[in-house]
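Let me begin by presenting the structure, written as structure tokens, before commenting on it.
It should be emphasised that the depicted structure is a prediction, and the values quoted were computed from it without experimental measurement. Chain naming here is simple, since letters A, B, ... match the order of the sequence lines and numbering starts at 1 in each.
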Amino acid sequence: MQYWLMKSEPDVYGIDDLIRDKVNMWEGCRNYTVRNYLRDEMQEGDLAFFYHSNIPPTGVVGIMRVVHAPYPDPTQFDPQSEYHDPKSPKDQPRWFVRDVEFVEKFARVVSLAEMKATPGLEAMPVTQKGQRLSITKVSPSEWDLVCTLGRSNR
DNA sequence: GCCAACGTTGGC
DNA sequence: GCCAACGTTGGC
């Protein structure tokens, strides 16, 4: 099983929205590296950190699970959508989504600053300057460390 | 709001 | 296939 970190801006879609919805389509990826992760590398049952980007406190706020096979992102064919991609061929879609299911909200946010300061997390892409993929891989040891932090009282 | 970093586009 | 211009991300 592979672990992941997936970013979302909480004013667009945050962990409390996922608690309400229980399952949600992770839509709108328009980057080929991330597309390949979604389409080719993620497996049903993989676990992912939910990361709040852009609005402080930025950081990991909980855990979700990948619950469905990949399928074409419907927003790419929707002219009304901000994610509309008129160049994506209908018979060979460019963009894919996964469904994710809520698993856990941490007792506290594991902030980006804290992750940068925690030994053992320095290889996480999210702690590195200029790294802006919206989905990245997480190693088992990184996974355990961040979970421990998020479940602790600090 | 600024801006550094990076991905994508398109002219040649 | 190079690379400059442009758009976007996302921390601060």
Ring centroid separation for [X] and [Y], is it under 6.0 angstrom?
X       : Y        : value
A:Trp4  : A:Tyr37  : yes
A:Phe50 : A:Trp26  : yes
A:Phe49 : A:Trp143 : yes

Name the residue closer to the 5' end of DNA chain B, choosing between A:Lys87 and A:Asn31 according to the nucleotide with the nearest heavy atom.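 Of the two residues, A:Asn31 wins.
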Indicate whether any N or O donor in one side chain lies under 3.5 Å from an N or O acceptor in the other, for A:Glu9 and A:Ser53.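 Side chains of A:Glu9 and A:Ser53: no pair found under 3.5 Å.
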With distance as the sole criterion, is a donor-acceptor pair present between the side chains of A:Asp46 and A:Gln2 under 3.5 Å?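 Short answer, no.
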Under 4.0 Å protein heavy-atom contacts per nucleotide of nucleotides 4-12 of chain C, with B for base, S for backbone only and - for none: ---BBBBBS
